[in-house]
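Data block below; observations after.
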Number of protein chains: 2
Amino acid sequence: MFTDHLQPVALSELPLLFNLGGTSLVSAAFEGKEDVMPATWVCPLNYDPARVTACVDSCHYTRPLIEKSGMFALALPTAAIVNEVMYLGHVSENDEPAKLEKSGAKFFKMPGYDMPFVEGCAAYAVFRVLPEPHIEKTYDLFIGEAVALWADRRVFRDGAWRFEEVPESMRTLHYVAGGRFHVIGRGFDVHQSR
Amino acid sequence: MFTDHLQPVALSELPLLFNLGGTSLVSAAFEGKEDVMPATWVCPLNYDPARVTACVDSCHYTRPLIEKSGMFALALPTAAIVNEVMYLGHVSENDEPAKLEKSGAKFFKMPGYDMPFVEGCAAYAVFRVLPEPHIEKTYDLFIGEAVALWADRRVFRDGAWRFEEVPESMRTLHYVAGGRFHVIGRGFDVHQSR
């Protein structure tokens, strides 16, 4: 089972997960309604407490679910589910109520959280919204404070990405536009000597 | 000359440059003082007008230069200058007034702008700060509206990255932590068919 590969990650490691700049999936749920959409405009904001920013336009079905529940989840999809990511981005639940089931994605829940998680992501994070009405309204920008993190231990463990140990299909996705993606590439270490 | 490779990019293409999530260099200048620092927490915010967010902690020498000038530049360094990027991040001009010259980086100016630009980046962008005192103070978060963009035409032209045509040393850098970087990897297209 996919979830057997997940293990909790310390909140302090949030930037390690999101610093690479991978495209995210945003999930939210409220009173039985739920949605998942890709969002490239997601970014770490702070170490302790661990915070991110996430830009979610008001046209998305996900937006009121975030506003009403005060919660959202982020995940880092891998190349294996790129078609599902594209579908989740191109189809709105406003137009297609069966979006999630038609996406081809496989969903699961994390105990204690009701937003839908998509199988095949390298990492998962749940956030509570820090209310900032001015920037939410003016810039569609939400600030989230992390409450739980998990990673697929095959690709991230002991505070480090392990992409060199897995197939390319398990690497993070970095979206450009118009259906163009890159996977993350080779890792290397730089030791400051100057 | 490095700058011979640069060509202007339309402001509407800002997300194409920054969506990949590459680590940035932030530059600013005010009354003869100038600084450059790497920042991983930089993210597109809007298409039109083209905007970004940039998180710049108050401990950095760059911060008051941004606040006083109301301007900053971002650039996407390539693997070729990773040692210079590390130096610019590990040494503060607060401690080492000769930081920039000791960094080993080569600098140039763009006509009309006084912040230092570092040679060896894939793209460059200049922003004016949209004043948002609350989030600047509370979250160290600045909102910038793009006023000019350029890219190295060898790696980005006609609205698309061309990494497959250049050596790995010309790929964008994606920082994790502790001196660990990844370069961006293989690009591919997904055509929505479902």
Side-chain angles (χ1 to χ4, degrees), chain A residues 13 15-23 40-46 51 53 55 79 82-87 89-91 102-104 130 132 134-135 138-141 143 159-161 163 168 171-172 174-194, chain B residues 13 15-23 40-46 51 53 55 79 82-87 89-91 102-104 130 132 134-135 138-141 143 159-161 163 168 171-172 174-194:
Chain A
E13 293 189 348
L16 302 180
L17 299 178
F18 288 90
N19 276 358
L20 285 177
T23 293
T40 304
W41 299 352
V42 162
C43 189
L45 177 68
N46 196 56
R51 291 173 177 162
T53 53
C55 189
V82 68
N83 287 305
E84 291 83 347
V85 171
M86 276 293 282
Y87 184 93
H90 273 69
V91 176
K102 289 191 176 179
S103 70
L130 290 187
E132 288 288 356
H134 170 64
I135 62 166
T138 309
Y139 303 108
D140 300 314
L141 192 67
I143 294 178
W161 290 105
F163 295 121
E168 190 190 81
R171 292 183 177 230
T172 52
H174 300 251
Y175 189 55
V176 182
R180 180 77 175 173
F181 291 84
H182 287 257
V183 288
I184 196 65
R186 188 175 67 87
F188 61 97
D189 293 291
V190 176
H191 301 288
Q192 191 61 41
S193 58
R194 196 176 276 117
Chain B
E13 294 189 348
L16 301 181
L17 298 177
F18 288 90
N19 276 359
L20 285 177
T23 293
T40 304
W41 298 354
V42 162
C43 189
L45 176 67
N46 196 56
R51 291 173 177 161
T53 53
C55 189
V82 68
N83 288 305
E84 292 82 347
V85 170
M86 277 293 282
Y87 184 94
H90 274 69
V91 176
K102 289 190 176 179
S103 70
L130 289 188
E132 288 288 357
H134 170 65
I135 62 166
T138 308
Y139 303 107
D140 300 315
L141 192 67
I143 294 177
W161 290 104
F163 294 122
E168 189 188 81
R171 291 182 178 230
T172 52
H174 299 250
Y175 190 56
V176 182
R180 181 76 175 175
F181 290 85
H182 286 258
V183 287
I184 195 67
R186 187 174 68 87
F188 61 98
D189 294 290
V190 176
H191 300 288
Q192 191 62 43
S193 58
R194 199 176 274 115

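All chains are named by letter (A, B, ...) in the order of the sequence lines, taking the proteins before the strands, and each is independently numbered beginning at 1.
- Separation of atoms CZ (Phe181(B)) and CG (Asn19(A)) is listed at 10.5 Å; rounding is to 0.5 Å.
- The closest side-chain heavy-atom distance from Met86(B) to His191(A) is not below 4.5 Å.
- If you measure heavy-atom distances from Ile143(B) to chain A, the contacts under 4.5 Å come from the side chain alone.
- Only the side chain of Thr53(B) has a heavy atom closer than 4.5 Å to any heavy atom of chain A.
- Heavy-atom pairs under 4.5 Å with chain A were tallied for Thr40(B), Leu141(B), Asn46(B), Leu20(B); the largest tally goes to Leu20(B).
- Residues His134(A) and His134(B) have side chains not in contact (no heavy-atom distance under 4.5 Å, counting atoms from C-beta outward).
- Looking at Arg171(B), there are no atoms closer than 4.5 Å to chain A (heavy atoms on both sides), in backbone or side chain.
- Interface remark: Leu45(B) contributes backbone and side-chain atoms alike to the contact with chain A (heavy atom separation under 4.5 Å).
- Nearest heavy-atom pair across Trp41(A) and Pro44(B) is NE1-CB, 3.2 Å.
- Looking at Leu16(B), the atoms closer than 4.5 Å to chain A (heavy atoms on both sides) sit in the backbone and in the side chain alike.
- Thr172(A) OG1 to Ile184(B) CD1: the interatomic distance, rounded to the nearest 0.5 Å, is 7.5 Å.
- No part of Phe18(B) comes within reach of chain A, as not one of its non-hydrogen atoms sits under 4.5 angstrom from that chain.
- Of the residues considered (Thr138(B), Val85(B), Leu17(B), Val82(B)), Val82(B) shows the highest number of contacts with chain A, using heavy-atom pairs under 4.5 Å.
- Once rounded to the nearest 0.5 Å, the distance linking CG of Asp189(A) with CZ of Arg180(B) reads 4.5 Å.
- For Ile135(A), the part lying under 4.5 angstrom from a heavy atom of chain B is the side chain only.
- For Phe188(A) and His182(B), the ring centers are positioned 6.0 Å apart or more.
- Closest heavy-atom contact between Tyr139(B) and Leu130(A): OH-CD1, 4.0 Å.
- Only the backbone of Val42(B) comes within contact range of chain A, with heavy atoms under 4.5 Å apart.
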